[in-house]
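Residue numbers start from 1 in every chain, and the chains themselves are labelled A, B, ... in the order their sequence lines are given, proteins ahead of strands.
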Amino acid sequence: MPVRVQTEDFDAGREIAALRAGDARVGAVASFIGIVRDVNDGDRVSDLFLEHYPGMTERELEKICAEARTRWDVYETLVVHRVGAMRPTDQIVLVAVTGTHRGEAFAACEFIMDYLKTRAPFWKREDTPQGSRWVEARTTDDEAAARWVDPQEPPSR
Amino acid sequence: MPVRVQTEDFDAGREIAALRAGDARVGAVASFIGIVRDVNDGDRVSDLFLEHYPGMTERELEKICAEARTRWDVYETLVVHRVGAMRPTDQIVLVAVTGTHRGEAFAACEFIMDYLKTRAPFWKREDTPQGSRWVEARTTDDEAAARWVDPQEPPSR
Amino acid sequence: MRFTVLYLARLREALGRGSEQVELPADSSVATLLDALRARGGSWAAELAAGRAVRVAVNQEMTDPAATLRDGDEVALFPPVTGG
Amino acid sequence: MRFTVLYLARLREALGRGSEQVELPADSSVATLLDALRARGGSWAAELAAGRAVRVAVNQEMTDPAATLRDGDEVALFPPVTGG
């Protein structure tokens with residue numbers, strides 16, 4: 001159940017290779033990388049600072065991953081989330097899921113990202129030409145997370 | 001519109017890094033890696049051989065990727081598919097999609113894999129203790145591809 | 001009873017502090033704590049006003065205003081999360 | 001008219017050849033070609049029987065039995081694909 005919060009960058013290829021190492025049952029790895037964009041809400045962003053709530057962050061991420069492993073037939077989940085100072089094009093987060101079949105791996109990976117976005121205590125502060133500002137939560141993120149609440153209800157695209 | 005068919009293995013981390021290099025609009029990269037499993041349909045698999053139809057393969061993959069870029073708001077798509085001799089735990093295919101937001105990147109990536117599974121002319125031959133056999137097409141793959149046919153209809157999970 | 005209150009991200013900056021010890025009568029709830037903080041006026045009243053989206057975690061678990069607090073709890077107040 | 005027929009994967013092994021030149025009357029369709037091949041009997045009749053899933057591409061585009069063939073076409077016959 002690897003969950004890591006760190007200031008350092010990560011090597012997605014190496015992380016994925018380590019996640020499935022030695023497990024010949026794995027036929028599918030779905031993964032996601034979140035990246036700092038140079039434009040957000042119409043303003044140019046030159047720097048990003050990510051704050052978190054140490055302790056609670058890891059607990060929440062582990063709960064989200066455990067829930068994903070319960071809902072879908074997958075083997076391993078990985079979340080690596082950076083905190084601290086970042087710049088446009090820097091990697092922020094990696095989520096990877098291994099499984100036998102691709103459909104379950106994709107669903108679990110997207111679920112973890114959607115829940116991470118609304119439940120894990122991270123906060124972004126952006127530096128723009130208009131000054132420094134805390135990023136406001138997106139209602140689209142709440143909607144993305146809400147579609148998983150009833151597992152009978154397929155997510156809309 | 002990179003599409004590659006090759007006998008050599010690939011480095012997923014490097015491929016993804018190259019795909020988004022220099023594009024600071026990218027906030028999301030969804031990717032998928034398909035891997036040779038040591039068990040298929042209940043039999044142990046020791047070796048896999050992947051045949052394809054040179055020329056048509058690349059055309060089909062490019063059509064599928066072009067369709068994905070039309071349907072979803074994404075920037076770049078990548079397919080790297082290996083052919084020839086492989087063994088369990090070897091990587092077979094990499095699909096990666098870059099975009100601004102994760103939902104579109106995930107959907108396009110899963111779409112490409114689903115269509116690749118039913119439209120791109122690749123064929124797997126497995127060596128098992130019972131001898132060599134060509135892998136039969138799965139009806140679940142047809143179902144996975146069919147769910148994208150009507151874009152109004154959300155895919156079921 | 002006495003417990004720790006943490007202020008995170010935008011709230012820490014707006015309120016000018018990252019943490020403090022707070023004393024309240026036994027069996028106070030999160031809502032009681034929020035009332036006590038709002039009663040300080042100024043940015044406290046503004047940032048914790050009823051219409052503002054403030055999230056509360058007690059001992060690192062998300063909770064709601066009805067939750068009862070206990071001596072030694074770690075209460076955290078923060079804006080909606082924006083990670084990933 | 002004269003064109004190339006390719007047999008791929010399991011079909012190539014079952015039919016014992018990877019490609020050949022075939023001659024048919026002008027304006028023949030894919031269905032005409034399949035009938036001509038089945039008429040060879042043996043594994044040809046068995047592998048290309050009506051119930052078997054055989055896919056057809058003409059000039060590297062998937063097509064169906066009604067498609068008309070032209071001189072110089074590249075026709076490929078193969079089982080349902082199993083890549084990825």
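Around CD of A:Gln6, the count of heavy atoms belonging to other residues, nucleotides or ligands within 6.0 Å exceeds 12.
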Going by atom type alone, with no hydrogens or angles, which donor-acceptor pairs under 3.5 Å involve a side-chain atom of residues 91-99 of chain B and a protein atom two or more places apart or on another chain?
residue	atom	partner	partner atom	Å
B:Gln91	NE2	B:Asp9	OD1	3.0
B:Gln91	NE2	B:Phe10	O	2.7
B:Thr98	OG1	B:Glu76	N	3.0

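Along residues 26-33 of chain B, the residues that come nearer than 4.5 angstrom to chain A, judged on non-hydrogen atoms, are B:Val26, B:Gly27, B:Ala28, B:Val29, B:Ala30, B:Ser31, B:Phe32, B:Ile33 in order of number. Contacts with chain A (heavy atom to heavy atom, under 4.5 Å) involve no residue of residues 51-61 of chain B. Residues of residues 112-125 of chain B that come closer than 4.5 Å to chain A, counting heavy atoms only, are B:Met113, B:Asp114, B:Lys117, ordered by residue number.
When B:Cys109, B:Gly34, B:Ala144 are compared by the number of non-hydrogen pairs under 4.5 Å with chain A, B:Cys109 comes out ahead. Interface summary for chain A: among B:Arg102, B:Arg25, B:His101, B:Arg14, the most heavy-atom pairs under 4.5 angstrom belong to B:Arg102.
Judged purely by atom type and a 3.5 angstrom limit, B:Arg20 has no side-chain atom pairing as donor or acceptor with the backbone of A:Ile35.
Both the backbone and the side chain of A:Thr100 come within contact range of chain B, judged by heavy atoms closer than 4.5 Å.
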